[in-house]
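Okay, so here's the structure we're looking at.
A, B, ... follow the sequence lines: proteins, then strands. Residue 1 opens every chain. Small disclaimer: the values here were computed from a predicted structure and weren't measured.
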Amino acid sequence: MAMLQVDSINVFYGSIHAIKDVSFTVEKGEIVTLIGANGAGKSTILKTVSGLLRSRGGAIQFHDSPISAAAPHKIVSMGLAHVPEGRHVFAQMTVEENLEMGAYTRPQGEIAPGLERVYAQFPRLKERRKQVSGTLSGGEQQMLAMGRALMSQPALLMLDEPSMGLAPLMVEQIFDIVKELHKDGVTVLLVEQNAQMALSVADRGYVLETGKIVLTGNGKELLEDDAVKKAYLGG
Amino acid sequence: MRQRFEIPMPVRYLVNGVLIVLLFLLGQFMISAGILSSYFQKILLQVGVYIIAAVSLNMATGYLGQLPLGHAGFMAVGGYTAGIFLKNFPIKGLPAFILAIILAGIVAGIFGILIGIPALRLKGDYLAIITLGFGEIIRVILLNIDTVLGFKFTGGAAGLMGIPKYTSFPAVYICVVITCLFIHTMMKSRHGRAILAIRENEIAAESCGVNTTYYKTMAFTASAFFAGVAGALFASYLGLLVPGDFGFMKSIEILVMVVLGGMGSMLGSVLAAAVLTIVPFALQSISQTVADYRMVIYSVLLIVVMIFKPSGLLGTYDFSLTRIIEGLINRAGIHDGVARKGEQSK
Ligand SMILES: Nc1ncnc2c1ncn2[C@@H]1O[C@H](COP(=O)(O)OP(=O)(O)OP(=O)(O)O)[C@@H](O)[C@H]1O
Ligand SMILES: [Mg+2]
């Protein structure tokens, strides 16, 4: 069975029906991407999977256990990490303290090896480990948010628009890191507006339009799909 | 490589323990030798009560990052709980007093949970508004509940009279030490880190696996608990409680202590509470009119601090004697000797 299985979830904001009967799966070892325009409901889906929002009906299974009613902190300790949209760092803490907070659900002994791993993946963070994270650049903060999520040793990493507001070079770096994490065996669910980039690294993708999945396929297929080209890839 | 000298943990505790005992003995000596007149002793007791109030509010304001405006309400709950308990409990003396203090903390803590759970769920400034309302509601209830019940319970506007007076220097001192020690230990633990993470960024804290609802409620409840303890000491110090003692202005006074001292600095709260408790007495001895205008003085003081040092006098600095000793040793370069000695003894 799939690592993450989402079955016909429906999410409402008051009377607004934001997510309509959405189902998708993520298999172990995959990079799966959800793409869609502003307001399509990408962030809402990730928040529902990580327990911050609740689905009305439907089911979410992670590693074969139902998580649609579990509290967010429980879900993190089950190995599902969520890097929320918009680079949330603990601004007054140093880089290293941020990373240590990332291991909050793990035993004390895992902090040191965890730091070593994350510093190997993000040499830039190592250089800046004593810097107060509020003074990092946008790209560095994004790296920190990703590194912090990795400290919890997740089996599945959910990234919400990691490339948002970054210069092209930094975007490439971020995606290189995603590829490397994937090589190291981390499964990734990637939400992006940068469809070109996302689809080129992804094994499979789902296209979301106003709360509904309208198209699915492997990364290459979607990149060459006419409708996708027209809507998301600028012709 | 030249390493920084660090005092080992047990020695740290020992140094702090010795300091606490010495300070206590000094106070006791000054009282028994008659150096502190009974007037000054009274001030000293009040200083202790407000230290507990300020340090506990700092927990919710400085560490958790909320803005409660009803801290005096929790003191009132604790004070009246202790007062009514002490008046009616058949056994008198120290055991009754200890029970009353604990009970006061628990009842205030329960009110903290009841208010915290709904108020902390909402984002933004709701907690300020809800606690503001709570403080006023408590005061009005204390004022009117006797007429509703039809028998004497809180004493209404005339006040709750004849509370046995047990509050002494040792009692206040021990409560201050316990409060500070408890909050300090908690903030240095895993729980403390979770609370600080919530203050820094709640969304990030949640995504790190911190149970934010639990920790917000827990910190707020601990804050209310110790406010209740302060209220109990206050009740048994005065022997008489009137609802007016715990109005909105009292909550603001405690908040001013925390803000002036530096939100998130326990030492700041302690010092500011001491100074701002003593100042009114000093003003009073100059002239009553000046004392009546002290809230004006506070406001000006607050504005000045906000302009020149928005983080409060001490910022988030926390006092550590052992750290100062370490600093001195490191600067003097004595530490090579000390370290070598340490190696030899191994
Ligand atoms: N808290 C909220 N209250 C009401 N409506 C909301 C709320 N959050 C999101 N929505 C609505 O739900 C829909 C989906 O929002 P969501 O944030 O999931 O979009 P998104 O695909 O992540 O968009 P973007 O790419 O801009 O981040 C939008 O129409 C949005 O206006
Ligand atoms: Mg979004």
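Heavy-atom pairs under 4.5 Å with chain B peak, among A/K74, A/M151, A/R87, A/M101, at A/M101. Contact tally against chain B (heavy-atom pairs below 4.5 Å) for A/P84, A/S152, A/G102: the top residue is A/P84.
Counting heavy atoms from C-beta outward, A/Y119 and A/L99 have side chains that approach closer than 4.5 Å.
Using modelled atom types, no side-chain atom of A/H17 and backbone atom of A/N10 make a donor-acceptor pair closer than 3.5 Å.
Side chains of A/S137 and A/Q141: no donor on one and acceptor on the other come within 3.5 Å. Side-chain contact annotation: A/H182 with A/T187, donor-acceptor N/O pair under 3.5 Å absent.
One finds a salt bridge joining B/K216 and B/E202 here, because a Lys/Arg side-chain nitrogen approaches an Asp/Glu carboxylate oxygen to under 4.0 Å.
Contact annotation for A/V83: neither backbone nor side-chain heavy atoms come within less than 4.5 Å of a heavy atom of chain B. Both the backbone and the side chain of A/M93 have a heavy atom closer than 4.5 Å to some heavy atom of chain B. For A/I75, no part sits under 4.5 Å from any heavy atom of chain B, backbone or side chain.
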